[in-house]
Amino acid sequence: QVRLVESGGGLVQPGGSLRLSCAASGSIVYSPVMGWYRQAPGKQRELVASITSGGNTNYPDSVKGRFTIARGSAENTVSLQMNSLKPEDTAVYYCNADVIVHTLRQYNIWGQGTQVTVSS
């Protein structure tokens with residue numbers, strides 16, 4: 001069984017920073033893409049950052065220059081460094097990954113989500 005576990009969410013003041021971490025567990029042999037999504041109340045889930053196995057990153061304009069995604073030193077881990085946080089960044093943040101397991105089947109999996117609240 002493969003699953004993603006997130007950590008690092010919490011309450012932060014505007015202008016502050018948080019670092020989210022995600023680790024995949026299970027018999028994963030390859031992860032072509034890992035990323036972070038967020039969903040605020042009443043809004044659709046949206047991509048906030050993604051990174052390929054080759055290190056190519058993608059960010060929407062809303063977070064570009066403030067958020068940084070990176071693969072961890074351990075295999076199949078990913079982090080999201082969030083700086084200069086704004087109240088509109090408040091959402092549940094979800095880790096997401098394409099994974100290929102030892103049977104060579106490919107899955108897209110989601111973490112359970114971690115709450116990020118930006119408020120004074």
Side-chain angles (χ1 to χ4, degrees):
Q1 297 82 22
V2 178
R3 65 176 183 174
L4 300 174
V5 179
E6 303 115 326
S7 63
L11 174 65
V12 65
Q13 293 185 339
S17 298
L18 283 173
R19 183 178 178 88
L20 306 182
S21 298
C22 175
S25 62
S27 300
I28 300 171
V29 298
Y30 183 55
S31 181
V33 182
M34 301 187 75
W36 292 91
Y37 290 72
R38 68 185 180 188
Q39 188 166 21
K43 298 182 67 176
Q44 290 186 311
R45 188 172 298 187
E46 63 175 346
L47 175 73
V48 295
S50 66
I51 185 167
T52 70
S53 60
N56 295 319
T57 58
N58 186 40
Y59 306 92
D61 289 341
S62 59
V63 309
K64 193 173 298 181
R66 300 188 298 119
F67 291 9
T68 303
I69 189 170
R71 294 216 178 214
S73 58
E75 288 189 6
N76 304 314
T77 63
V78 66
S79 66
L80 183 69
Q81 179 66 45
M82 303 185 293
N83 298 326
S84 302
L85 283 162
K86 305 174 181 179
E88 51 262 44
D89 294 320
T90 296
V92 177
Y93 284 70
Y94 298 89
C95 184
N96 175 262
D98 268 359
V99 297
I100 300 172
V101 300
H102 70 283
T103 61
L104 302 185
R105 292 183 64 89
Q106 185 167 342
Y107 301 90
N108 185 262
I109 57 174
W110 294 88
Q112 293 182 332
T114 184
Q115 177 71 46
V116 172
T117 302
V118 184
S119 176
S120 59

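Atom set for the values below is all heavy atoms of this structure, side chains included, hydrogens, waters and symmetry mates excluded.
Listed for the Asn96 side chain is a donor-acceptor partner under 3.5 Å among the backbone atoms of Ile109. Between the side chain of Ser31 and the main chain of Asp98, a donor-acceptor pair closer than 3.5 Å is present.
The closest side-chain heavy-atom distance from Arg38 to Val63 is below 4.5 Å. Counting only heavy atoms from C-beta outward, the side chains of Val2 and Tyr107 never approach each other to under 4.5 Å. Between Phe67 and Leu85 there is a side-chain heavy-atom pair separated by less than 4.5 Å.
We find the OG-CD distance between Ser25 and Gln1 to be 9.0 Å, quoted to the nearest 0.5 Å. Distance check, rounded to the nearest 0.5 Å: OG of Ser79 to CG of Leu20 gives 8.5 Å. Distance OG1/Thr68 to CZ/Arg19: 9.0 Å, rounded to 0.5 Å. Taken to the nearest 0.5 Å, the OG atom of Ser62 stands 9.0 Å off from the CG atom of Leu47. Atom CG in Asn76 sits 10.5 Å away from atom OG in Ser53 (nearest 0.5 Å).
Counting non-hydrogen atoms of neighbouring residues, nucleotides and ligands closer than 6.0 angstrom, the CD atom of Glu88 exceeds 12 such neighbours.
A salt bridge links Asp61 with Lys64: the distance from a Lys NZ or Arg NE/NH1/NH2 to an Asp or Glu carboxylate oxygen falls below 4.0 Å.
Smallest separation of non-hydrogen atoms from Val33 and Ser50: CG1-CB, 4.4 Å.
Linking Ile, Leu, Val, Met, Phe, Trp and Tyr whenever their side-chain heavy atoms come within less than 4.5 Å leaves Tyr94 and Trp36 in two separate clusters. Cluster annotation: Tyr59 is connected to Met82 through the hydrophobic network of ILVMFWY side chains, with a link wherever side-chain heavy atoms come within less than 4.5 Å. Tyr37 and Leu18 are members of different hydrophobic clusters when ILVMFWY side chains are connected at heavy-atom separations under 4.5 Å. Residues Tyr93 and Ile51 share a single hydrophobic cluster, defined by chaining ILVMFWY side chains whose heavy atoms lie under 4.5 Å apart. Tracing side-chain contacts under 4.5 Å through hydrophobic residues (I, L, V, M, F, W, Y), one reaches Ile28 starting from Leu4; they form part of the same cluster.
When only modelled atom types and interatomic distance are considered, Thr117 and Gln115 share a side-chain donor-acceptor pair under 3.5 Å.
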Using atom types as modelled, flag every donor-acceptor pair under 3.5 Å from a side chain in residues 5-17 to any protein atom, sequence neighbours excluded.
{"unit_1": "Glu6", "atom_1": "OE1", "unit_2": "Gln112", "atom_2": "N", "d": "3.1"}
{"unit_1": "Glu6", "atom_1": "OE1", "unit_2": "Gly113", "atom_2": "N", "d": "2.9"}
{"unit_1": "Glu6", "atom_1": "OE2", "unit_2": "Cys95", "atom_2": "N", "d": "2.7"}
{"unit_1": "Glu6", "atom_1": "OE2", "unit_2": "Gly113", "atom_2": "N", "d": "3.2"}
{"unit_1": "Ser17", "atom_1": "OG", "unit_2": "Asn83", "atom_2": "OD1", "d": "2.9"}

